[in-house]
Amino acid sequence: MSDETADLNELPKAYEPQKVEERWYAAWLEANCFHGDEESSKPPYSIVIPPPNVTGILHLGHVLNNTIQDILARRARQEGKEVLWLPGTDHAGIATQTKVERQLREEEGKTRREIGREAFLEKVWAWKEKHGGIIINQLKRLGCSCDWDRERFTMDEDYSQWVSHVFTELFKQGLIYRGKRMVNWCPVSLTALSDEEVIMKPQRSKLYYMKYEVVDSPGEFIEIATTRPETLMGDVAVAVNPKDERWGQYVGRKVRRPFPDAEIPVIADDHVDPEFGTGALKITPAHDKADFEIGTRHDLEILDILHPDGTINCPELPDLDGLDRFVARKKAAKILEERGILLKVEEHENNVGFSERADVPIEPRISMQWFLKYPCVDEAANAVADGEIKYRPERWAKTYAQWLGNIQDWCISRQLWWGHRIPVWYRKEKAFELKEAESLALADMDAGDIYVGEVPPAEGDWVQDEDVLDTWFSSWLWPFATMSKVGENSATLQKFYPTTDLVTGPDIIFFWVARMVMAGFRFEEQLPFKNVFFTSIVRDLKGRKMSKSLGNSPDPVDLMDKYGADGLRFGLMRIAPVGTDVKFDEAQIEEGRNFANKIYNACRLRLMAGAGSGLEMPPLEKLRPYHLDILTKLDGLSESLEASFAEYKFNELTAALYEFLWSQFCDQFLEAVKRDFRDEADGETREVSVAIFDIVMARYLQLLHPFMPHLTEELSARMGYLPDGEFVMKAELPAGKLLPDVPAEAAYANQVYETAGRLRNLKAEYNLATRKDVKFVVKKAADWLMAEADVLAFLSGAAAVEADDSFEAPKGTPLAVTGLGEFFLPLEGLIDVESEKRRLDKEIEKLEKEVTKCLKKLQNPKFVENAKPEVVQTEKDRHATWLEKLNQMRELRDALGD
RNA sequence: GGUCGAUUAGCUCAGCGGUAGAGCGCUUGCUUCACACGCAAGAUGUCACUGGUUCAAAUCCAGUAUCGACCACCA
């Protein structure tokens with residue numbers, strides 16, 4: 001909109017975000033606006049994106065999380081920092097492999113084993129190529145200002161070398177070891193899982209009561225309660241609490257296991273709770289974590305009676321052999337019942353661990369796995385405890401500390417194919433022996449039988465370990481492995497590591513945050529980030545977690561189609577509270593869109609007045625109170641935003657931006673000066689109002705830019721606030737105030753706005769809200785008021801406000817007393833003494849109450865003595881104001897008689 | 001069982017010692033030359049409960065109740 005006068009009709013009445021957003025994103029990319037320059041001399045600001053699953057699709061959690069990151073990144077650029085927001089994706093081992101396996105089954109009717117490792121991995125890569133770009137494009141649609149040239153993937157060549165390197169180092173340090181342990185086994189994915197990947201869910205199950213005959217005393221029984229009769233074949237003992245008087249006599253003796261028939265010992269162990277069930281517990285060391293521990297303490301045999309897929313492995317018992325564990329459970333109960341061993345069955349609620357990905361109950365299982373003893377645990381704990389890493393909200397620091405305080409070794413091996421293969425090689429001749437070895441350690445490496453590292457030595461034949469690593473074993477390296485190759489101290493790393501802010505959900509404190517701190521310490525000798533901002537979890541209006549299966553998760557892309565990316569961003573940020581979960585309501589996104597439209601229309605109004613002003617500040621003496629006032633308020637906004645940014649209070653930021661634009665700028669300032677934009681307005685008046693509009697709007701758009709990046713670019717360009725080819729996103733925020741010394745006249749504006757409100761109010765009370773022809777007569781007007789009478793009349797919806805101290809109001813003329821004078825609303829046929837008396841009496845009563853309240857407080861010596869002086873002063877001022885008004889009112893009321 | 005949150009207008013949430021707030025929704029009136037994705041006016045609250053500290057408590061402390069998250073877990 002450079003020099004021709006705009007015709008309002010050329011512009012659509014409502015803002016249409018879709019095309020605008022697409023165009024500006026392309027322009028930013030074209031101009032390389034997102035590049036983080038490692039050679040820059042500006043101070044660095046960096047964020048690494050929490051990498052979404054490569055084949056994932058965008059959900060509202062991502063929108064919240066990435067909008068926050070984008071806001072921080074864009075604001076940092078405006079503050080003159082060199083910003084790197086480093087994006088990428090995660091290979092998500094189990095999740096991705098499961099999807100591809102399902103596709104293989106559905107399309108070709110084959111399992112991964114049937115087509116073999118190599119062919120299967122080819123299919124996964126193909127899947128990744130096909131679906132990998134989706135979420136990245138969705139993030140672009142949202143407006144994310146990531147440096148896409150640096151996009152990383154956890155299975156990239158350079159990244160994979162980091163994974164191998166880290167594994168090798170930790171192995172050499174003796175922190176990685178292999179052994180047969182009780183792990184969480186997923187019978188569907190056929191892999192071990194870490195404790196963090198197991199989700200406990202309350203289940204309604206059954207508690208089966210059985211009786212076992214005492215071997216040396218036939219006819220005598222011990223009663224046992226269990227939820228898992230199908231594992232009975234794996235029982236090797238019955239345990240009771242040593243203090244339990246009912247069963248104490250049997251300790252050391254034997255009872256008869258029903259099937260397969262065997263004599264098993266009764267042992268005493270403190271773990272047994274005498275209060276639960278019968279107080280006697282069957283011990284199945286192979287299939288229960290607690291039983292395993294008891295078994296270890298008492299040196300019991302381990303009888304594994306399950307196949308990896310959860311079917312029964314017990315050829316001795318053809319009735320159950322081969323059955324699925326849950327089918328077998330019912331069958332086992334039936335057999336017990338037939339033999340008269342089953343006493344009763346009770347309904348029972350217990351917690352069962354489920355596989356996070358496959359959503360089936362996990363099976364505690366003993367298997368050969370790789371484990372990691374976490375490095376730098378103390379350093380990681382101290383970093384947060386000492387505030388070197390600052391958590392927001394702070395309370396998550398406690399959760400973090402608790403987990404680190406009870407940390408268990410991490411099971412890092414997965415029996416999957418999609419992932420980083422464990423970089424351990426066995427000398428072919430000894431491979432079989434070594435793979436089955438009870439433990440494997442440094443000694444084997446020293447002996448030259450195993451090799452740990454990316455590529456085995458050329459000499460000899462080597463066989464690689466079959467397992468891959470847990471996905472998080474690559475994710476925990478993310479902040480530095482994305483910035484440099486192994487052994488390379490890259491310029492990027494030097495410039496941007498440690499990163500400034502990490503924005504993530506509190507649900508992955510253990511999975512990711514804590515582990516990154518440890519890895520950062522161990523491998524870069526520095527903390528990976530300075531601040532961690534934990535976002536809220538997005539829920540539906542009923543408070544339920546968003547989930548695909550519930551169908552309560554709106555597609556952000558649909559929302560962007562409907563409301564625009566900016567509308568979605570702003571709407572979501574407005575409702576995202578600092579500490580707790582956010583309940584998502586589409587109506588809020590609609591508000592975001594409405595807000596965008598409001599700003600757009602304010603600009604549209606301004607375009608009536610034609611060409612750009614060049615953003616030159618007019619001489620101070622030409623500014624009217626409304627101009628001074630809005631400049632002052634904008635300065636106030638800048639300051640309060642700065643404070644809120646420093647504390648990451650996003651809801652405060654959006655509230656302040658919303659309030660300023662809608663209430664202060666549009667409802668007050670713009671209403672006061674809008675007539676200046678019309679053709680009939682005097683040239684100089686118009687020039688001044690246009691200039692102030694432009695100065696304020698240009699700066700406001702800059703302040704708003706991190707939240708609504710596309711809209712602000714569009715309007716800045718259209719309004720001619722920036723030369724062609726320049727961007728709001730690249731412009732630095734100027735320091736200092738627009739109006740450093742605020743003249744006293746600035747305060748007049750608020751008084752006019754307040755009085756106008758009272759006058760509109762008065763009109764409405766007499767059902768005159770729509771009458772534009774009324775006049776107000778003011779007595780005892782403030783000395784400057786008549787200069788602003790025209791604006792006051794316009795804002796009040798009146799034809800005029802006239803001063804006339806000699807005005808003799810007919811009795812019963814409605815009136816309002818404000819800080820600017822006594823305003824009468826004389827109108828023939830309207831005057832009704834009685835109703836005006838009643839109205840005034842009501843107002844006087846209200847005022848009296850206020851005055852009494854103030855007085856009571858001020859007469860309390862303890863208040864005057866103890867309260868802060870400024871609080872007392874405020875109270876005094878308030879009292880004086882009320883009292884003055886009250887007296888005026890009373891006087892005028894008295895004139896009406898009784 | 002342990003830890004940490006939440007409880008304020010019909011709804012979603014701010015406020016966290018000094019007169020109870022916003023947006024939506026609702027009522028009424030407006031198609032007024034930026035915007036009905038709008039304008040103006042209005043109604044609506046024992047700030048969960050019970051005690052305590054304080055001149056003063058929605059706000060601080062203790063306890064109770066309800067809801068939620070995380071950790072642990074009993075077969």
Side-chain angles (χ1 to χ4, degrees), chain A residues 8 11 13-15 195 200 207-208 224-228 231 239 271-284 288-291 348 350-351 353 393 395-396 398-399 402-403 406 506-507 509-510 537 539 541 543 545 563 567 571 574-585 587-588 590-608 649 651-652 655 658-659 662-663 666-667 670-671 674-675 677-679 757 760-761 763-765 767 769-770 772 797 849-850 853-854 857 860-868 870-872 874-875 878 882:
Chain A
L8 270 191
L11 292 169
K13 281 173 89 167
Y15 175 57
D195 293 343
M200 300 305 281
L207 191 58
Y208 301 87
I224 292 168
T226 182
T227 52
R228 302 202 61 186
T231 62
H271 172 80
V272 182
D273 176 7
E275 303 295 318
F276 186 88
T278 63
L281 170 62
K282 76 187 196 66
I283 301 299
T284 323
D288 184 280
K289 219 173 173 182
D291 289 8
H348 176 63
N350 63 345
N351 279 324
R395 63 193 158 83
W396 292 112
K398 193 159 183 178
T399 308
Q402 270 170 4
W403 185 72
N406 300 297
D507 49 333
I509 289 183
F510 314 136
I537 290 172
R539 298 174 178 279
L541 278 175
K545 227 170 168 169
Y563 305 112
R574 263 185 101 203
I575 52 169
V578 190
T580 49
D581 297 344
V582 48
K583 285 188 192 154
F584 179 79
D585 186 354
Q588 300 289 345
E590 205 179 325
E591 286 310 296
R593 177 200 61 178
N594 295 353
F595 185 55
N597 189 56
K598 187 74 180 176
I599 305 167
Y600 167 84
N601 270 294
C603 291
R604 212 169 135 248
L605 168 67
R606 151 68 187 81
L607 289 176
M608 284 201 318
K649 292 197 171 166
N651 54 343
E652 265 181 26
Y658 189 92
E659 153 85 8
W662 205 300
S663 307
C666 287
D667 292 349
L670 214 42
E671 287 302 317
K674 71 197 280 189
R675 289 172 304 164
F677 298 151
R678 292 182 190 162
D679 290 341
R760 283 194 302 262
N761 188 314
K763 280 177 68 192
E765 269 192 78
N767 287 322
T770 53
K772 301 278 181 187
K849 255 187 209 164
E850 297 294 348
K853 224 168 168 184
C854 288
K857 223 168 174 182
N860 180 348
K862 285 184 176 168
F863 169 72
V864 181
E865 205 173 297
N866 296 322
K868 284 185 210 155
E870 62 263 33
V871 173
V872 178
T874 314
E875 203 65 32
R878 191 181 293 153
W882 288 132

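In what follows, every heavy atom counts, from backbone to side chain, and hydrogens, waters and symmetry copies are set aside. Chain A is the first sequence line, chain B the second, and so forth, proteins listed ahead of strands; every chain is numbered from 1.
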Please evaluate the base of B:A34 for a donor-acceptor partner in the side chain of A:Glu671 within a cut-off of under 3.5 Å? yes
For the base of B:C4, is there a side-chain donor-acceptor partner from A:Lys398 under 3.5 Å away? no
Select base, sugar-phosphate, or nothing to describe what [X] touches, counting heavy atoms under 4.0 Å on all strands.
X        : result
A:Glu765 : nothing
A:Glu652 : nothing
A:Lys674 : base
A:Arg760 : sugar-phosphate
A:Arg878 : base

Side-chain donor/acceptor of A:Lys763 to backbone N/O of A:Gly797, under 3.5 Å: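 Confirmed, A:Lys763 side chain pairs with A:Gly797 backbone.
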Would you confirm whether A:Asn597, through its side chain, and A:Tyr15, through its main-chain N or O, come within 3.5 Å as a donor-acceptor pair? yes
For A:Ala14 and A:Tyr600, which heavy atoms make the closest approach, and how far apart are they? C-CE2, 3.8 Å
Between [options], which nucleotide gets closest to the side-chain atoms of [X]?
X        : options             : value
A:Lys857 : B:G18, B:C37, B:C13 : B:G18
A:Lys862 : B:G23, B:U19, B:C55 : B:C55
A:Asp667 : B:A41, B:C39, B:C35 : B:C39
A:Met608 : B:U19, B:C35, B:C33 : B:C33
A:Lys598 : B:G38, B:U12, B:C37 : B:G38

In which stems does RNA chain B show up, taking only runs of three or more Watson-Crick or G-U wobble pairs whose two distances fall under 3.5 Å? B:1-7 with B:65-71, B:10-13 with B:21-24, B:26-30 with B:38-42, B:48-52 with B:60-64
With a cut-off of less than 4.0 Å, is there a side-chain N or O of A:Asn761 near OP1 or OP2 of B:G42?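 True: A:Asn761 side-chain N/O within range (under 4.0 Å) of B:G42 OP1/OP2.
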Would you say A:Lys13 places a side-chain N or O within less than 4.0 Å of OP1 or OP2 belonging to B:C35?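 Affirmative; the distance criterion is met.
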Round to the nearest Å and state the distance from [X] atom [atom1] to [N] atom [atom2].
X        : N     : atom1 : atom2 : answer
A:Glu875 : B:U19 : CD    : P     : 7 Å
A:Asn594 : B:A36 : CG    : C1'   : 10 Å
A:Ile599 : B:A34 : CD1   : P     : 18 Å
A:Phe863 : B:G18 : CZ    : C1'   : 7 Å
A:Ile537 : B:A6  : CD1   : C1'   : 14 Å
A:Gln588 : B:A14 : CD    : P     : 12 Å
A:Asn597 : B:C39 : CG    : C1'   : 14 Å
A:Glu591 : B:C11 : CD    : C1'   : 13 Å

Side chain to side chain donor-acceptor pair (under 3.5 Å) partners of A:Asp667, counting only residues at least two apart: none
Listed by chain and number, what are the side chain to side chain donor-acceptor pair (under 3.5 Å) partners of A:Glu850, not counting sequence neighbours?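 A:Glu850 satisfies side chain to side chain donor-acceptor pair (under 3.5 Å) with no residue once adjacent residues are dropped.
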Kindly indicate, with the supporting measurements, whether the criterion salt bridge (charged side-chain N to carboxylate O under 4.0 Å, His left out) is fulfilled by A:Glu865 and A:Lys862. CA-CA 5 Å; A:Glu865 205 173 297; A:Lys862 285 184 176 168; over 6 Å; no
Identify, with sequence neighbours excluded, every residue that meets side-chain contact (heavy atoms from CB on, under 4.5 Å) alongside A:Asp288. A:Ala290, A:Asp291
Only counting residues at least two apart or in another chain, list the ones meeting side-chain contact (heavy atoms from CB on, under 4.5 Å) with A:Asn761.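 A:Asn761 satisfies side-chain contact (heavy atoms from CB on, under 4.5 Å) with A:Glu765 only.
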Output a table of nitrogen or oxygen pairs between the protein and nucleotides 70-75 of chain B separated by less than 3.5 Å.
| unit_1 | atom_1 | unit_2 | atom_2 | d |
| --- | --- | --- | --- | --- |
| B:C73 | N3 | A:Asn351 | ND2 | 2.9 |
| B:C73 | N4 | A:Asn351 | ND2 | 3.2 |
| B:A75 | OP1 | A:Asn350 | ND2 | 3.3 |
| B:A75 | O3' | A:Thr227 | N | 3.1 |
| B:A75 | O3' | A:Thr227 | OG1 | 2.3 |
| B:A75 | O2' | A:Thr226 | OG1 | 3.3 |
| B:A75 | N6 | A:Asp273 | O | 2.6 |
| B:A75 | N6 | A:Phe276 | O | 2.8 |
| B:A75 | N1 | A:Asp273 | N | 3.3 |

When you compare B:G52 with B:U46, how far apart are their P atoms, in angstrom units rounded to a whole number?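 Per the computed distance, 23 Å lies between those P atoms.
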Walking RNA chain B from its 5' end, the first of A:Trp662 and A:Asn866 to be reached, judged by nearest nucleotide, is A:Trp662
